[in-house]
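To keep things clear, I will list the structure first and then write my remarks on it.
Here, residue 1 is the first one in the sequence, and each next residue gets the next number.
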Amino acid sequence: MDTSKYAVGYYPPPGEHYKWVHKDHIEKAPQWCSVDLRDGNQSLVIPMSLEEKLEFYHLLLRIGFKQIEVGFPAASETEYEFLRTLIENHMIPRDVTVQVLTQCREHIIRKTFEACKGAPSAIIHFYNSVSVAQREQVFRKSKEEIKQIAVEGAKLVKRLAAEYEGNFRFEYSPESFTGTEPEYALEVCNAVLDVLEPSETNNVIINLPVTVEMSMPHIYASQVEYISENLKYREYVTLSLHPHNDRGTGVADTELALLAGADRVEGTLFGNGERTGNVDIITLAMNLYSHGVDPELDFSDMPAICKTYEQCTRMHVYERTPYAGALVFAAFSGSHQDAIAKGMTWRKENNLHRWTVPYLPVDPRDINRTYDADVIRVNSQSGKGGIGYLLEQNYGYSLPPKMREHLSYQCKSVSDHDHRELKSEDVLAIFMDSYLNVQQPIAISDMSFTQKPGGVEAEITFLRHGRKTTLHCSGNGSLDAVSNALKAYTGDNYTLKVYTEHSVQERNSGSTAAAYIGLEDAAGNMSWGAGTDTDIIKASIYALVGAYNNMIRK
């Protein structure tokens, strides 16, 4: 790898332009423009069909985009037909503006206007490349000649807008802005604005594309601030961004540039687009949301958005994609699971509205994700906190801490042996098989209790290998009497160390009692059992017998 062939290819603005440094957050959502149907479509191995573009277009409308770049009408018949379908079938809502892209070439601009004829609201987005590399290597033209291409393009779109039926706005992009001297880019943009004459009733968009990322994000922010402060007609100009992601910092470029004075962002869902893609609008919008700023886009059903995106584009939403990926809220680590579970409990105990749960930047439920399937995930790396949380949240069983730890080892052992992730129903099955109402090798087939002064007398019938044995014992309570009978029946000794109980709300049949018991044998080893019944006395006795069965199984 030879680093000597590479050198800085960007141009910082003259002077100091770092006012954005003193801002610590973005105060409001920018104007959003989706370019999924143009930039995100042309980058697909198999571009979307007309039907797929229509489905995707309706998805963008549901999300709430008010500006949608629908294509490059002069590029292909499908692009042209799609726009005509929207216009002729009155599929553009009154508050939505469609956008089309065209190079600064006369025949392309003319075909673009033909495609836009009758549009209720359309942005004519024209561009030409102004970078040093493009001027020298591709066009081999001087700065003045390149500027004249932009000026002539502006004159033509202005003239045709007056000739064609429709409601038109204008957008100009100095393509490859990041590889252009900022002073020269400003000169070209101002020359275009002089032609278009922005006013209170003629707002013009100047778009500063990161066609290729060349610098660290703070350089781009300073370039944007320089343009924003020196642009003519600034009060009537919307300053727009179109970042790509070549260095993997598209989101950072955009956020810093918004602090630097930009008003508008062009991007795509999930960052689709040429090469490394465009900036991901979902990440940008959800970042605002996580800071308490309304992004003015609706991502409340993220799984449905992912599904439509994957069907239409044949692309895959990577599992670690921020906010949208299948695993971005997933906690496999035991310490992470424990912190999340405790955070959830803290919210419930304190009736909190503000979201502060560790490891989760937003509430997964806000985007239609669930805690059991998306957050607490169980594998051989998981811990007692998460496993206990799953069992309690989904099935109502609240195990004592040490029993929860014992269950976690059972679950991790199964996951490790089977080399698979365990679902919540797997955790329930392991709990039931290992602890709940365990009646082998010993069960109680019958029991009766009589209250006596100072305690309880019990008649207990044990069942083992098909043989019944009845004993009479007493104790200071029903559970103590059964425990004494069990010790007399087996000849074994143990100490009841842990006992807890609670009610479990059943969906259709009211509440059931659950009890948990931990027994310590003579060697100091703990064994656990759980019992459920509508009668708390029976539930606790089943837990006792289950714990004993687990003790002798060892």
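- Atom CD in Glu274 sits 14.0 Å away from atom CG in Asn245 (nearest 0.5 Å).
- Side chains of Gln67 and Ser34: no donor on one and acceptor on the other come within 3.5 Å.
- For the 3.5 Å distance criterion, the side chains of Thr283 and Asp280 qualify, holding a donor opposite an acceptor.
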Full working for side-chain contact (heavy atoms from CB on, under 4.5 Å) between Cys33 and Phe65 = CA-CA 7 Å; Cys33 178; Phe65 283 97; over 6 Å; no
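- The backbone N or O of Val317 lies less than 3.5 Å from no partner atom in the side chain of Thr321, so there is not a single donor-acceptor pair.
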Kindly determine whether Phe56 and Leu269 satisfy side-chain contact (heavy atoms from CB on, under 4.5 Å), including the steps that lead there.
-> CA-CA 11 Å; Phe56 206 107; Leu269 303 184; 4.0 Å; yes
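- If you check the side chains of Asp338 and Tyr389, you find no donor sitting under 3.5 Å from an acceptor.
- With rounding to the nearest 0.5 Å, the separation of OH in Tyr127 from CD in Glu171 is 12.5 Å.
- A cation-pi geometry, defined here as NZ or CZ lying under 6.0 Å from the six-membered ring centre and within 45° of its normal, holds between Arg135 and Tyr184.
- In terms of modelled atom types and a separation under 3.5 Å, the side chain of Arg320 and the main chain of Gly325 share no donor-acceptor contact.
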Before giving the answer on side-chain contact (heavy atoms from CB on, under 4.5 Å), spell out for Leu239 and Arg234 the whole-Å C-alpha distance, their side-chain angles and the decisive distance to 0.1 Å.
-> CA-CA 8 Å; Leu239 192 58; Arg234 183 65 181 92; 3.6 Å; yes
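- Of the inter-residue distances, the one linking Thr78 atom OG1 with Leu50 atom CG reads 7.0 Å to the nearest 0.5 angstrom.
- Side-chain N/O atoms of Ser173 and His125 include a donor and acceptor closer than 3.5 Å.
- Side-chain atoms of Asn287 and Tyr323 include a donor-acceptor pair closer than 3.5 Å.
- In the model, Gln42 has no side-chain atom that pairs as donor or acceptor with a side-chain atom of Glu79 under 3.5 Å.
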Please test Phe170 against Phe126 for ring pair (Phe, Tyr, Trp, His ring centres under 6.0 Å), starting from the C-alpha separation and ending with a verdict.
-> CA-CA 8 Å; Phe170 307 115; Phe126 63 103; 7.2 Å; no
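- A donor and an acceptor atom, one from each side chain of Gln311 and Thr308, are nowhere located under 3.5 Å apart.
- Using a 4.5 Å heavy-atom threshold, the side chains of Thr178 and Glu213 count as separate.
- With hydrogens and angles left out, the side-chain atoms of Asn278 and Glu266 include no donor and acceptor closer than 3.5 Å.
- For Arg369 (side chain) and Phe329 (main-chain N/O), no donor-acceptor pair under 3.5 Å exists by modelled atom type.
- Two residues are said to be in side-chain contact when any heavy atoms from C-beta on lie closer than 4.5 Å; Ile109 and Val157 meet this criterion.
- Between the side chain of Ser43 and the backbone N or O of Asp39, at least one donor-acceptor pair lies under 3.5 Å.
- With 3.5 Å as the limit, one finds a donor-acceptor pair spanning the side chains of Asn203 and Thr238.
- Gln223 contributes a side-chain N or O that, together with a main-chain N or O of Tyr11, makes up a donor-acceptor pair within less than 3.5 Å.
- Remark: His336 NE2 to Leu360 CG distance equals 10.5 Å, nearest 0.5 Å.
- When atom types are taken as modelled, the side chain of Arg38 and the backbone of Phe72 share no donor-acceptor pair closer than 3.5 angstrom.
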Decide yes or no on salt bridge (charged side-chain N to carboxylate O under 4.0 Å, His left out) for Glu296 and Lys66, but give the supporting numbers first.
-> CA-CA 10 Å; Glu296 299 177 13; Lys66 301 304 180 185; over 6 Å; no
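- Lys141 is listed as a side-chain neighbour of Ile149, based on a closest heavy-atom distance under 4.5 Å.
- Taking CG from Asn272 and CE from Met315, the interatomic distance works out to 4.5 Å, rounded to the nearest 0.5 Å.
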Apply side-chain contact (heavy atoms from CB on, under 4.5 Å) to Thr85 and Met91, showing your working.
-> CA-CA 8 Å; Thr85 299; Met91 299 173 70; 4.2 Å; yes
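- Remark: the Tyr233 side chain and the Asp194 side chain contain an N/O donor-acceptor pair separated by less than 3.5 Å.
- Checking Asp366 against Tyr289 by side-chain atom types alone, a donor-acceptor pair falls below 3.5 Å.
- Side-chain N or O atoms of Lys232 include none that pairs as donor or acceptor with a backbone N or O of Leu193 at under 3.5 Å.
- In this structure, CG on Leu101 lies 5.0 Å from CD on Glu69, to the nearest 0.5 angstrom.
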